[in-house]
Undergrad: 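Handing you a structure now.
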Amino acid sequence: MHRDDSVSAILEGLNEIQARGVAHGEGPLLILAGAGSGKTRVLTSRLAHLVAARGVAPDAVLAVTFTNKAAGEMRVRVQKLLGPTAQAIWIGTFHSICLRILRRHQEALGFRGNLTVFDADDSLSLIRQILKESGKTDDPVRAADARSAISLAKNRMIDPERLESESAGPGGRRIARLWRLYDARLREQDGVDFDDLLLLAVRLLRENRSIGDAYAQRFRHILVDEYQDTNRVQLELVRRLAERHGNICAVGDDDQSIYRWRGADVTNILGFERHFPGTAVLRMEQNYRSTRRILDVANAAVLKNAGRMPKTLWTENEPGEAVRLFLAEDEEQEARHVARRIREEVRGGASLSHLAVLYRTHAQSRAIEEACIRAEIPYRVLGGIAFYQRKEVKDLLAYLRLLANPHDEVSFRRAALAPRRGAGEMTIDRILSEARARGVDLLTACERAREWGMEGRGFAALADLAAYLMTLVPRIDEKPHVLLEEIAHQIGYREYLRSQSEAEWEDRFAHVLELIEGARGYEDAEESAGVVDFLEQVALYAQSDKLRDDEERVTLMTVHNAKGLEFDAVLVTGLEDGLFPHISSLTDPEELEEERRLFYVAVTRARRTLTLTASRSRRRINRMAGSDLSRFLSEIPEELLEIEGRLHAATARFPARRAATAKELHEEAAQDSEDEWDGPIIAREPAAARVAGRTLVRHVRYGIGEVLSVDGEGEKARLEVRFPGWGTKKIVRSYLVPVGRG
DNA sequence: ATTATTGATTTTTTT
DNA sequence: AATCAATAAT
């Protein structure tokens with residue numbers, strides 16, 4: 001029978017535990033899946049098995065993943081096993097699934113039109129606006145802090161009242177007050193922030209019995225991946241949805257819980273059996289991904305953690321190459337070594353797309369990028385300043401968002417100001433408050449401002465803008481890229497960019513074209529490709545979701561971004577105390593454990609080779625700082641590491657170095673940097689720059705340049721220096737070294 | 001209303 | 001060192 005064939009194909013090649021996970025019938029199931037144990041395989045096979053072997057309707061199955069990329073991959077793999085029926089399975093991230101639910105019940109929730117997702121950036125703009133309106137310039141609440149406090153509270157399902165009563169100082173009350181204003185203003189604009197997506201969905205399912213019951217009835221089976229990183233709202237959502245059938249299958253690894261700071265709660269996975277009585281537990285500890293040596297390092301890495309379920313990964317794989325450790329003098333040397341290792345891997349036959357360089361913070365990418373450029377290694381950086389957060393991209397999207405939702409004040413403000421059209425903050429604020437007071441949308445308000453006695457250049461300009469956008473409203477179902485192209489042209493965005501920056505406008509306009517191309521690509525890939533869907537995609541999809549591995553490039557990214565991915569060769573950089581583990585975690589044992597798990601995640605991304613690097617000194621913010629080796633390295637038995645490179649002599653002192661105090665290392669680093677420079681720093685010789693004739697100075701980054709003028713005195717004096725090839729820069733004296741006079 | 005200048009702040013991680 | 005927001009100047 002064809003059906004038996006496909007079922008046996010689904011089960012083929014699975015080990016016994018994996019097969020049990022796939023074939024598990026009714027009732028809650030917890031799969032504790034170590035890194036590289038084949039959990040994605042089990043999840044996809046289980047999805048396919050439910051439909052093909054157990055006859056569950058595809059649209060009665062819900063699968064939740066951590067990233068959209070993982071969702072996409074799962075869909076492709078299930079489709080291979082099931083064919084087109086797989087299309088009906090609900091697969092997505094918590095956020096995308098909640099948005100899907102909210103959209104279906106838009107009216108019941110009281111939204112007037114298209115609900116609009118505010119990303120973190122938009123939320124921050126709104127909070128800034130509210131703070132500004134409240135007029136208290138001395139308010140000590142910083143907008144960014146307030147935003148993250150509100151976000152964290154929402155993820156923990158704490159309401160403003162509780163935040164108010166539970167916080168000791170006046171800070172909690174201020175934030176609670178701001179929070180209420182913020183939520184009210186969001187709703188006025190038909191807006192929801194990221195956290196609202198989850199929170200409103202849970203509220204809808206809980207408070208509206210018939211809707212909640214309908215979904216609980218509908219989803220006979222629920223699968224959740226990366227369960228260790230779920231937060232309180234997500235737990236409540238899953239609980240409500242699994243209430244009727246109790247068929248929840250959670251897959252996760254407590255050792256890979258790395259999102260505590262975002263509200264993730266490891267007790268969700270640790271307490272799973274309590275939350276869902278009658279749970280069957282499966283443990284998958286055989287690793288199929290990494291070599292034995294890499295796995296040894298991984299096991300050692302996480303051993304020191306106290307709050308974990310005890311387990312040890314094992315493998316039948318070959319021992320493989322030794323795990324290398326390279327200790328550099330400074331970050332440039334570290335970066336050069338990274339480039340060298342990449343070239344070695346390529347020479348050994350590895351594909352660039354299967355190599356990754358990982359670091360703790362985005363700021364570390366720069367040195368590595370420069371080394372890659374010099375070594376002519378193609379690379380791509382994931383994260384950082386995300387494409388969709390660029391000003392020129394957000395500007396244009398604001399017009400599109402305004403079409404989709406004419407109540408969106410944040411987009412209105414942005415569109416009205418870029419390009420400048422003679423209407424300033426004042427005009428915009430008056431339109432916003434008038435629209436709010438009269439209960440009309442912003443485009444209507446602009447068009448009717450004149451009738452309401454609001455006249456002047458600014459209002460006329462906004463009326464023109466509104467009139468133009470109104471002509472586009474009936475065309476909202478046309479292709480997004482066509483509309484974007486037309487808007488960019490109509491508003492003269494190219495000319496605007498050119499007027500803004502002589503030096504950068506071409507790059508920025510290239511981003512505009514990239515956006516338009518991106519929209520076109522999206523239209524080709526999706527069947528529902530209207531403006532609303534496009535904007536949703538933009539809001540919910542992270543950069544890593546678009547990672548394509550068919551490009552021959554090395555990937556540079558943070559360890560967080562690397563979660564769930566695997567590479568033939570992995571380089572983990574910046575293994576210094578204070579960086580990885582990050583300095584902010586050193587005082588809190590629980591945060592330190594999270595850093596350790598993060599290190600574990602980094603190590604377990606590697607299939608074939610793993611290289612660890614650290615630097616004795618590093619520029620942080622703006623000064624050199626010496627660092628101790630990461631304590632995580634000292635927790636790995638030395639015989640598991642092969643210390644390599646020119647610095648063999650220095651690193652041979654590895655155990656001794658570990659004992660050295662930070663102060664000693666700092667002095668040593670300072671000594672090193674002095675040796676490199678061929679003169680004392682200018683600050684010790686304030687007169688030097690004033691001597692007649694050409695004064696030449698050296699700068700770490702720009703090289704040698706000529707001093708044109710001096711502004712101020714002492715260390716803080718700012719010198720104007722012309723560097724050949726870099727142009728004229730204003731630089732504080734203490735960063736410059738005199739190299740003699742011409 | 002717009003632009004120039006100064007001053008503060010930044011680097012932890014992101015769906 | 002560079003970006004961004006508040007402030008001053010036009």
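Within every chain, numbering begins at 1; the chains are lettered A, B, ... in the order of the sequence lines, protein sequences first and strands thereafter.
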Undergrad: So does A/R262 reach the base of B/dT13 with its side chain, donor to acceptor, closer than 3.5 Å?
TA: no
Undergrad: Measure CH2/A/W261 against C1'/B/dT15 and give the value in whole Å, please.
TA: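 Taking atom C1' of B/dT15 as the reference, CH2 of A/W261 is at 9 Å.
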Undergrad: In whole angstrom, what separates A/Y227's OH from B/dT15's P?
TA: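 Rounding to the nearest Å, OH of A/Y227 and P of B/dT15 are 21 Å apart.
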Undergrad: With sequence neighbours left out, write down each residue that passes side-chain hydrogen bond (donor to acceptor under 3.5 Å, both in side chains) with A/T93, or none if nothing qualifies.
TA: A/S96
Undergrad: Name the residue closer to the 5' end of DNA chain B, choosing between A/S584 and A/N155 according to the nucleotide with the nearest heavy atom.
TA: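 Between the two, 5'-proximity favours A/S584.
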Undergrad: Check the distance between B/dT15's P and A/I258's CD1 and give it to me in whole angstrom.
TA: 11 Å
Undergrad: May I have the distance from A/M557 (atom CE) to B/dT15 (atom P), rounded to whole angstrom?
TA: 13 Å
Undergrad: Can you check whether any acceptor in the base of B/dT12 is under 3.5 Å from a donor in the side chain of A/H582, or vice versa?
TA: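 For A/H582, whose side chain was compared with the base of B/dT12, there is no donor-acceptor pair (under 3.5 Å).
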Undergrad: From CG of A/L540 over to C1' of B/dT14, roughly how many Å is that when rounded to an integer?
TA: 12 Å
Undergrad: Can you check the distance between B/dT13 and C/dC4, where both ends of the measurement are the P atom (answer in whole Å)?
TA: 16 Å
Undergrad: Tell me the interatomic distance from A/L197, atom CG, to B/dT14, atom P, rounded to whole angstroms.
TA: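 After rounding, the reported distance stands at 19 Å.
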Undergrad: When you measure from the side-chain N and O atoms of A/N68 to the phosphate of B/dT15, is any distance below 4.0 Å, counting only OP1 and OP2?
TA: no
Undergrad: Got a sec, which residues hit side chain to side chain contact (heavy atoms under 4.5 Å, CB included) with A/A398, two or more places apart in sequence or on another chain?
TA: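 Expected list: A/S411, A/R414, A/A415.
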Undergrad: Please name all residues satisfying side-chain hydrogen bond (donor to acceptor under 3.5 Å, both in side chains) with A/D183, sequence neighbours left out, ordered by chain then number.
TA: A/K154, A/W179
Undergrad: Output the single nucleotide from B/dT15, B/dT13, B/dT11 whose closest atom is nearest the side chain of A/T93.
TA: B/dT15
Undergrad: Who passes salt bridge (charged side-chain N to carboxylate O under 4.0 Å, His left out) against A/D229, sequence neighbours left out?
TA: A/K563
Undergrad: Does A/T558 reach a base, just sugar-phosphate, or nothing at all? Heavy atoms under 4.0 Å.
TA: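 Result for A/T558 = sugar-phosphate.
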Undergrad: Assess the side chains of A/E334 and A/T613: does a donor N or O sit below 3.5 Å from an acceptor N or O?
TA: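 Their side chains do contain a donor-acceptor pair, which is all the 3.5 Å distance test asks for.
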Undergrad: Applying ring-ring contact (aromatic ring centres under 6.0 Å, His included), name anything that partners A/F66, two or more places apart in sequence or on another chain.
TA: A/Y259
Undergrad: Can you tell me if CZ on A/R450 sees more than 12 non-hydrogen neighbours from other groups inside 6.0 Å?
TA: no
Undergrad: Salt bridge or not between A/R401 and A/D408? Use side-chain N to carboxylate O under 4.0 Å.
TA: yes
Undergrad: Got a sec, which residues hit side-chain hydrogen bond (donor to acceptor under 3.5 Å, both in side chains) with A/R203, two or more places apart in sequence or on another chain?
TA: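 Listed in chain order: nothing, the list is empty.
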Undergrad: NA contact type, A/F66, heavy-atom cut-off 4.0 Å: base, sugar-phosphate, or nothing?
TA: sugar-phosphate
Undergrad: Rounded to whole Å, how long is the line connecting atom CG of A/L124 with atom C1' of B/dT9?
TA: 14 Å
Undergrad: Could you pull out all residues at least two apart from A/F459 that satisfy ring-ring contact (aromatic ring centres under 6.0 Å, His included)?
TA: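 A/F459: no ring-ring contact (aromatic ring centres under 6.0 Å, His included) contacts found.
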Undergrad: Restricting both atoms to N or O, compile the protein contacts to nucleotides 1-6 of chain B shorter than 3.5 Å, with distance only.
TA:
| residue | atom | partner | partner atom | Å |
| --- | --- | --- | --- | --- |
| B/dA1 | OP1 | A/G424 | N | 3.3 |
| B/dA1 | OP1 | A/T427 | OG1 | 3.3 |
| B/dT2 | OP1 | A/G422 | N | 3.1 |

Undergrad: Tell me whether the OP1 or OP2 atom of B/dT14 has a side-chain N or O from A/H362 closer than 4.0 Å.
TA: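 True: A/H362 side-chain N/O within range (under 4.0 Å) of B/dT14 OP1/OP2.
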Undergrad: How long is the line joining CG of A/N231 and P of B/dT15, in whole Å?
TA: 14 Å
Undergrad: Could you pull out the protein-nucleic contacts involving nucleotides 4-6 of chain C (nitrogen or oxygen on both sides, under 3.5 Å)?
TA:
| residue | atom | partner | partner atom | Å |
| --- | --- | --- | --- | --- |
| C/dA5 | OP1 | A/R128 | NH1 | 3.3 |

